[in-house]
Amino acid sequence: MKIKSHIAAIFQEAFTQSGIEPQGEIAIHEATKAQFGDYQYNGIMPLAKLYQTNPREIATKVASHIQTDGVIEKVEVAGAGFINIWLSDNTLSHYATKALADERIDVAITSHPQTIVVDYSGPNMAKEMHVGHLRSTIIGDALAKLFEFLGHCVIRQNHIGDWGTQFGMLVAYLEAQGVEQSGELKDLEAFYKAAKKRFDEDAHFANTAREYVVKIQQGDTHCLELWERFIGISLSHCQEVYHKLDVSLSPKDVRAESFYNEDLSHIVTDLENAHLLQISQGAKCVFLESEEIPVIVQKGDGGYLYATTDLAALRYRATKLKANRILYVVDARQSSHFKAVFDVAQKAGFVPQETKLEHIAFGTMMDKSGKPFKTRDGGTVKLIELLDEALIRAKEAIKERENYSQGELETLAKVVGIGAVKYADLSINRQSNYIFDWDKMLSFEGNTSLYLQYAYARIQSILKKYEGDVGACEIAIGDAIEHTLVLSVLKFEDVLTKASLDATPHTISAYLYDVATDFMKFYEQNPILKEGLEKATKESRIAIASLCAKTIELGLEILGIKVLNRL
RNA sequence: GCGUUCAUAGCUCAGCUGGAUAGAGCACUCGCCUUCUAAGCGAGCGGUCAAAGGUUCGAAUCCUUUUGGACGUACCA
């Protein structure tokens with residue numbers, strides 16, 4: 001349920017009745033301490049300043065008009081002029097029971113659906129996916145799922161790098177090796193290195209490679225075929241990683257760089273027609289007042305650059321795909337690039353003013369000692385190897401705990417290992433650099449995927465033992481612990497809404513961790529299946545537990561993480 | 001040099017766009033299993049929110065300066 005806006009509406013009514021005009025939107029905050037109730041309203045104090053009166057006086061007046069026969073149980077004026085808000089057990093119980101019966105646990109489908117483009121992952125076809133692609137892929141996928149769940153139309157765009165000079169070399173090498181025996185392509189990295197070596201050592205080959213670059217660009221059938229074949233193989237490597245990582249990207253989401261080739265010259269002429277273009281040192285540039293450095297859209301030799309492609313993609317997404325919101329889940333180091341490109345696109349009218357362009361920036365992945373994540377010899381870590389290691393480590397982390405069969409262990413390791421890698425990334429503020437620490441992410445303690453999966457499994461174990469229809473049970477909050485827990489669960493919709501507006505998956509993880517810890521406390525104190533419990537109490541508790549499980553499951557699903565019935 | 005960004009407990013991180021005594025987890029010290037998974041729960045310890053000014057009823061949050069780090073800085077993406 002939308003708790004905050006629900007409360008805000010009641011406050012709006014109270015303001016109207018007391019003849020006071022609130023300043024802007026009524027912002028309801030969660031109470032900072034339990035003694036201050038469930039929620040609080042802090043907007044009276046700035047208002048009092050405007051009216052030049054005593055804040056407590058206004059607060060008291062507004063509070064006296066608050067309806068307390070619905071979701072709000074009581075309000076209290078406190079401190080300098082805070083209004084503290086307590087919610088009603090009965091109403092919360094009612095909403096919780098309703099949520100339990102609903103597949104979406106009563107989270108509404110948005111009434112303002114948008115078309116949202118999410119650009120993420122974006123691997124380079126010349127090389128194998130490495131850790132640098134991990135964050136974009138994980139965060140982007142979670143955001144796409146979040147928007148989708150809320151009822152938006154999501155268009156995933158995997159902007160793969162399939163164009164550029166290195167493909168001449170790779171394609172020439174592919175041909176030299178024999179197209180049918182492309183066995184070496186099992187390891188793209190090795191293939192690239194071998195091609196590079198040959199390029200450096202064999203002048204004749206280097207010439208062919210350079211010729212092929214031109215030929216590909218000119219549409220030479222033979223070279224294009226080779227190129228397509230190469231891209232196909234490389235892309236299948238990516239799909240393998242996506243499958244292992246359990247992300248929703250598929251080949252149909254690919255909208256490669258090369259897709260925009262034909263449009264690049266138009267971008268330049270359109271910028272020219274809009275009088276935005278200047279020639280500087282031989283290159284065609286757009287100079288922005290805010291930036292010292294121009295955005296170069298065409299090189300001195302006539303070649304186009306990534307800014308040109310990005311502009312074409314931006315226009316395509318805004319006009320052809322009719323996006324209301326376009327998100328780029330890309331490393332924070334490119335923030336100045338996106339700032340400039342967005343600026344140019346808007347000035348040139350490539351995107352309508354009302355289209356929201358957002359660079360969803362994230363920090364660099366660091367190792368335990370705080371240095372950029374690398375292999376021992378300083379190379380980049382292949383993503384597929386990192387994921388394989390996750391499975392091995394997950395197995396290590398759980399195998400001693402229970403007597404799992406080999407098959408069971410394999411299944412568990414996948415869910416646990418991949419979940420841990422994703423959750424570690426999604427549980428911290430994406431803007432900052434983050435420390436990749438195997439031991440921490442595979443711990444059962446603290447804000448980890450395992451803790452949530454464990455809480456879920458505990459509930460499943462209880463549900464399995466319960467003989468009755470949980471769906472028919474009614475929730476009736478019996479004490480303060482249950483009040484807190486049920487309220488936590490009902491905050492789900494508020495949390496998802498906020499996370500989708502700010503594109504901050506970590507607020508969802510923080511929330512799920514809250515739900516899980518609240519559940520653990522409840523679990524310790526309020527036995528569910530104990531003999532001699534009153535029927536209504538037992539039913540209410542099992543229903544609360546079930547609702548918690550559903551919330552955790554759904555929340556993790558949005559983050560792209562699976563749950564387990566036994567752990 | 002210029003620009004962006006960051007600095008919160010020993011460590012890893014929250015802090016909801018200015019609110020009440022700054023919160024978690026780890027680590028450390030205690031306590032809790034004849035009861036639904038102790039992979040858990042509870043309690044304690046731990047802070048000059050980098051520093052100094054300013055804005056105001058009120059600042060970790062906004063502004064300025066300083067210090068320290070990361071990143072970017074025109075024909076790579």
Side-chain angles (χ1 to χ4, degrees), chain A residues 4 27-33 35-36 40 42-43 45-46 48-49 55 78-82 84 122 124 159 161 163-166 257 280-285 287 290-301 303-307 309-310 330-337 339 361 363-364 366 368 370 372 397-398 400-402 427-429 431-435 437 439-440 443-448 450-451 453-455 457-466 494-495 498 502 504 506-507 509-510 513-514 517 520-521 523-531 541-542 545 566-567:
Chain A
K4 287 186 183 178
I28 303 296
H29 293 275
E30 287 175 33
T32 50
K33 282 181 177 15
Q35 64 190 98
F36 299 145
Q40 57 180 251
N42 308 327
M45 290 162 290
K49 199 178 170 176
F82 301 94
N84 294 337
N124 187 332
H159 191 78
W163 206 247
T165 48
Q166 69 271 57
E257 274 179 16
S280 169
Q281 297 172 31
K284 292 188 178 170
C285 309
F287 282 88
S290 54
E291 303 288 326
E292 251 182 275
I293 300 145
V295 175
I296 301 179
V297 292
Q298 190 167 17
K299 297 194 279 185
D301 66 5
Y304 301 104
L305 293 110
Y306 68 124
T309 313
D310 277 338
V330 181
D331 194 297
R333 282 174 286 196
Q334 295 196 37
S335 59
S336 52
H337 163 71
K339 195 167 166 259
T364 313
M366 306 294 204
K368 220 172 167 175
I398 57 174
E400 303 294 327
R401 311 290 187 172
E402 295 262 351
S427 59
I428 56 139
N429 183 343
Q431 309 260 19
S432 45
N433 293 345
Y434 102 107
I435 312 267
D437 181 348
D439 296 329
K440 220 187 117 192
S443 164
F444 282 89
E445 293 162 337
N447 188 8
T448 65
L450 266 171
Y451 181 86
Q453 285 165 334
Y454 176 59
R458 270 184 139 177
I459 300 172
Q460 293 313 306
S461 163
I462 298 167
L463 290 172
K464 209 169 151 190
K465 285 180 184 141
Y466 179 72
D494 276 348
V495 170
K498 183 91 171 81
D502 301 343
T504 48
H506 84 278
T507 55
S509 348
Y513 181 59
D514 273 347
T517 49
M520 292 291 196
K521 288 173 196 169
Y523 177 92
E524 292 288 329
Q525 301 222 17
N526 295 3
I528 297 165
L529 299 177
K530 197 177 170 184
E531 294 285 322
R541 287 182 182 173
I542 195 86
R566 191 168 93 95
L567 186 58

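All values derive from a computational prediction rather than experimental measurement. By convention in this document, chain letters (A, B, ...) are assigned in the order of the sequence lines, proteins followed by strands, and residues within each chain are numbered from 1.
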(message) Within the 4.0 Å limit for protein heavy atoms, which parts of nucleotides 15-27 of chain B are touched? Write it as a string from 5' to 3', B for base, S for sugar-phosphate only, - for none.
(response) SBS-BBS-SSSS-
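- Atom OH in A:Tyr454 sits about 7 Å away from atom C1' in B:A38, given to the nearest Å.
- Of the C1' atoms belonging to B:A24 and B:G42, the separation is 16 Å, rounded to the nearest Å.
- The distance between atom CG of A:Leu529 and atom P of B:U35, rounded to the nearest whole Å, is 14 Å.
- Residue A:Lys530 places its side chain closer to B:U35 than to any other of B:U35, B:U37, B:A14.
- Comparing B:A52 with B:U67, their C1' atoms are spaced 11 Å from each other, to the whole Å.
- We find that CD of A:Gln431 is positioned 12 Å from C1' of B:U4, with the value rounded to whole Å.
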(request) Could you walk me through whether A:Val295 and A:Leu305 pass the side chain to side chain contact (heavy atoms under 4.5 Å, CB included) test, one step at a time? (result) CA-CA 10 Å; A:Val295 175; A:Leu305 293 110; over 6 Å; no
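- The interatomic distance linking A:Lys465 (NZ) with B:C36 (P) rounds to 7 Å, in whole Å.
- When heavy atoms are screened at a 4.0 angstrom cut-off, A:Leu450 is found touching no nucleic acid atom at all.
- Side-chain proximity of A:Glu524 to B:C36, B:C2, B:C41: nearest is B:C41.
- Remark: RNA chain B takes part in the stems B:1-7 with B:67-73, B:10-13 with B:23-26, B:28-32 with B:40-44, B:50-54 with B:62-66, each of 3 or more antiparallel Watson-Crick or G-U pairs, criterion distances under 3.5 Å.
- Remark: the separation of the C1' atoms in B:C49 and B:C13 is 14 Å, to the nearest Å.
- A salt bridge links A:Lys498 to A:Asp502: at least one charged side-chain nitrogen sits closer than 4.0 Å to a carboxylate oxygen.
- Residue A:Tyr466 is classed as having no contact, given no heavy-atom separation below 4.0 Å to the nucleic acid.
- In this entry the distance linking CG of A:Asn526 with C1' of B:C41 reads 13 Å, nearest Å.
- The main-chain N or O of A:Ser443 is found under 3.5 Å from a side-chain atom of A:Thr448 such that the two form a donor-acceptor pair.
- A distance of about 8 Å separates the C1' atoms of B:G68 and B:A50, rounded to the whole Å.
- The separation of B:U29 from B:A38, taken at their P atoms, amounts to 23 Å, rounded to a whole angstrom.
- Atom CD1 of A:Ile528 is separated from atom C1' of B:C36 by 7 Å (rounded to the nearest Å).
- Remark on RNA chain B: of its neighbouring residues A:Glu292 and A:Arg401, the 5'-side contact belongs to A:Glu292, judged by nearest-heavy-atom nucleotide.
- Counting any heavy atom pair closer than 4.0 Å across all strands shown, A:Ala457 reaches a base atom.
- The OH-C1' distance, from A:Tyr434 to B:U5, rounds to 20 Å in whole Å.
- With hydrogens and angles disregarded, no donor-acceptor distance shorter than 3.5 Å links the side chain of A:Asn433 to the backbone of A:Gly363.
- Between the OG atom in A:Ser461 and the CZ atom in A:Arg458 there is a gap of 9.5 Å [rounded to 0.5 Å].
- Panel note: side chain A:Arg541, backbone A:Pro527; a donor-acceptor pair is recorded below 3.5 Å.
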(request) Sugar-phosphate means primed atoms, P, OP1 and OP2; the rest is base. With that split, encode nucleotides 71-77 of chain B 5' to 3' as B, S or - using protein heavy atoms under 4.0 Å. (result) SSSBBSB
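- Ring centroids of A:Tyr513 and A:Tyr451 are separated by less than 6.0 Å, placing the two rings close together.
- From A:Tyr523, atom OH reaches atom CD1 of A:Ile528 across 7.5 Å, with rounding to the nearest 0.5 Å.
- Nucleotides B:U55 and B:C63 place their C1' atoms 7 Å apart, quoted to the nearest Å.
- In this structure, A:Tyr523 places its OH atom 11 Å from P of B:C41, rounding to the nearest Å.
- Here the closest heavy-atom approach between residue A:Ile435 and residue A:Gly370 is recorded as CD1-CA, 4.0 Å.
- Using a distance-only test at 3.5 Å, with no hydrogens or angles considered, no donor-acceptor pair links the side chain of A:Asn84 to the main chain of A:Ala78.
- For the C1' atoms, the distance from B:C36 to B:G23 is 31 Å, rounded to whole Å.
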